[in-house]
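Keep in mind that what you see is a predicted model, and the values were worked out from it rather than measured.
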Amino acid sequence: MSAPNAGDTAWVLVCAGLVLFMTPGLAAFYGGMVRTRNVLAMLQQNMIALGVVSLTWVLVGYTIAFGDDAGSGLFGNLELFGLTDLKVPPAPNLHVVDGRITIPTLAFVLFQMMFAVITPALVTGATAGRLRFGGWVLFLAVWSIVVYAPIAHWLWHPGGWLAKFGTQDWAGGLVVHASAGAAVLAVLLVVGRRRNWPHTAAPPNSIPLTIVGAGILWFGWFGFNGGDGLQANGLAAQAVLNTHLAAAAAMLVWLALERVTDGHSTVVGAVSGAVAGLATVTPTAGYVNAASAVAIGALAGLVCHFALKLKYLLRLDDALDVLAVHFVGGMLGTLLLGLFGNRGVNPLGADGLFLGGGGGLLWRQLVGVVSVVAFSFVLTWLIAAGVQALIGLRVPPADQERLDQAQQGADAYHLGGVTSLTAPGAPRRRTAGAPAGEPAVPPGQRVRVVTALLEPDPAANSADLRDALLRAGAISVIVSDAAVATTTPQASLLPRGYWQDQPLAARLRVTVLVGADGVDAVLDELDRMGARRADTFVQEAERVQS
């Protein structure tokens, strides 16, 4: 038996690290897209998979997926329970490689562990705002063993029934994306919709966080697709190049469609298209050439963009469009391999319809899609329903918009919503001995509090707002965010081209302390800034004596 190859081993270990990095990347990608008060819960739902699934994988998941076939092609035996009695290299032809592969089995275990971790984490994007943490942890543990491990055996073990049938999946179009997408369908049936969906707006709390997460995913995907040949060679380079080209093509097509349909090409659309391209090229990355990867990416941008409407057709509250991007992308890429497969790229592959191979590979890919989706959907529904009945999977409706406080007793952001703009206190207003920085109100002077609502844009420059009110006689100024009810709901454009009517409109509340003789001047200045007299109030005020 050949000694492990140092270069191949190093490459696989690096790729394992890249795929691990994708899980916090996914957490950031999803975390930036949810409500401000649900950010920590979303991050935790993703990160906990690193703890739970890593252990289930070592104990029993790996042996079900990659232990010697039990004879049915459905799952491996339990000989490797707890990683006992491991062989040194992977078995010949294991995971779309040939007998020349010589890496330590533990390197292969680690690499595959990261796929097992991130796959169920994809579900959290669809169920945003609705998962009970304890129920989610139990679901993760059971799903990773009962659903993920058998599907991995079907396709990535030489004794798996789909592998013997001839269905191909380079890095997880079926094992990862289709299985997770089918799981989304089932879990959504159990946890239901958010309150008032689809009429309640759910704007993202931090698009920059989402973009950072998308960048991490793109970077990590080089290991996701590049390491699956388990060798540092030309095929790995081809898979990495295909990965990048498909993401780039999908991004551009998505942006073009956004421009045509919504009038804007957005940064959220750019990364959505890129992730769709990455998911779609995943089953094909080691089996097609670069030109085919560009075509696959372009088709991903087109099909996945229009698949955004799928959740409305199915009446499923898929919060962050996991169905459109991952489920549709994974199935689409799997079927496209039946068209673009090229044995000239990988002799272990097969020629697709466009390369003269006929429709045989396409048929085998279709059988794989139907089998994986049906299996994952049925078992996931049983698991989710069981968890819901046992300890609960869905959070109470009252907690849906405050998961961070309900589950962790903390908030993601501590920025404060109030900006204090205090008058500097000119000598003519400051009384002798008044502490520095304290509004100076001479004894006996009558003061008023003026409260007005402003449109955010005209008052965007806080320095101009402060200076104008101080010149008008203000003693102090406080500005805070506010929301006012509108007679006619305002249409608001959300990421990925969604329009939602919002009955509450954003405003700035300006509270001004001013001497009685300066009220008119302050009102005039507020009028100039767009305040309506009907929404402006003047009240008598008395300074509290220390």
Side-chain angles (χ1 to χ4, degrees), residues 35-37 200-206 401 411 413-431 434-494 499-546:
R35 294 177 179 271
T36 304
R37 297 178 180 179
T200 299
N205 76 89
S206 176
E401 297 179 7
D411 294 313
Y413 304 111
H414 302 276
L415 304 179
V418 177
T419 302
S420 178
L421 306 172
T422 305
R428 64 185 177 86
R429 289 203 183 99
R430 182 169 296 283
T431 57
E438 182 179 324
V441 181
Q445 178 177 338
R446 299 171 60 202
V447 292
R448 299 287 187 270
V449 174
V450 180
T451 305
L453 293 173
L454 301 179
E455 293 279 354
D457 291 342
N461 191 320
S462 61
D464 291 346
L465 173 64
R466 177 200 61 191
D467 293 343
L469 293 173
L470 292 180
R471 286 194 300 268
I475 298 170
S476 70
V477 179
I478 294 175
V479 180
S480 59
D481 294 326
V484 299
T486 58
T487 55
T488 303
Q490 296 183 354
S492 177
L493 178 63
L494 299 176
W499 290 86
Q500 290 189 333
D501 289 337
Q502 296 183 343
L504 294 176
R507 295 288 186 271
L508 291 179
R509 179 188 290 112
V510 181
T511 303
V512 182
L513 181 67
V514 61
D517 56 354
V519 170
D520 290 338
V522 167
L523 290 174
D524 290 342
E525 197 61 44
L526 291 171
D527 287 344
R528 186 181 67 80
M529 296 176 187
R532 295 194 314 161
R533 286 295 175 102
D535 296 325
T536 304
F537 303 91
V538 179
Q539 300 169 290
E540 290 189 11
E542 180 179 350
R543 186 184 183 194
V544 177
Q545 300 299 319
S546 59

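Nearest approach of Leu513 to Ala541, heavy atoms of both residues: CD1-CB, 4.5 Å. Nearest heavy-atom pair across Ala468 and Arg528 is CB-NH2, 4.0 Å. Scanning both residues, Ala474 and Val522, for their nearest heavy atoms gives N-CG2, 4.4 Å. The heavy-atom pair separating Val514 from Gly473 by the smallest distance is CG2-O, 3.3 Å.
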Assess whether side chain to side chain contact (heavy atoms under 4.5 Å, CB included) is satisfied between Leu526 and Leu469, documenting all intermediate values.
CA-CA 8 Å; Leu526 291 171; Leu469 293 173; 4.0 Å; yes
May I have the step-by-step check of side chain to side chain contact (heavy atoms under 4.5 Å, CB included) for Ile475 and Val447, ending in yes or no?
CA-CA 9 Å; Ile475 298 170; Val447 292; 4.1 Å; yes
From CA spacing to verdict: side chain to side chain contact (heavy atoms under 4.5 Å, CB included), Val477, Val510
CA-CA 7 Å; Val477 179; Val510 181; 4.1 Å; yes
Would you sort out whether Arg35 and Asn205 count as a side chain to side chain contact (heavy atoms under 4.5 Å, CB included), showing the intermediate values?
CA-CA 5 Å; Arg35 294 177 179 271; Asn205 76 89; over 6 Å; no
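Asp527 is linked by a salt bridge (charged side-chain N to carboxylate O under 4.0 Å, His left out) to Arg533, counting only residues two or more places apart in sequence or in another chain. With sequence neighbours left out, the side-chain contact (heavy atoms from CB on, under 4.5 Å) criterion links Arg37 to no other residue. Checked against side-chain contact (heavy atoms from CB on, under 4.5 Å), Thr536 has the following partners two or more places apart in sequence or in another chain: Val450, Ala452, Leu523, Ala531.
Phe537 contributes atom CZ, which lies 8.0 Å from atom CG of Leu453 (distance to the nearest 0.5 angstrom).
In this structure, the side chains of Gln539 and Arg448 stay at 4.5 Å or more apart for every pair of heavy atoms.
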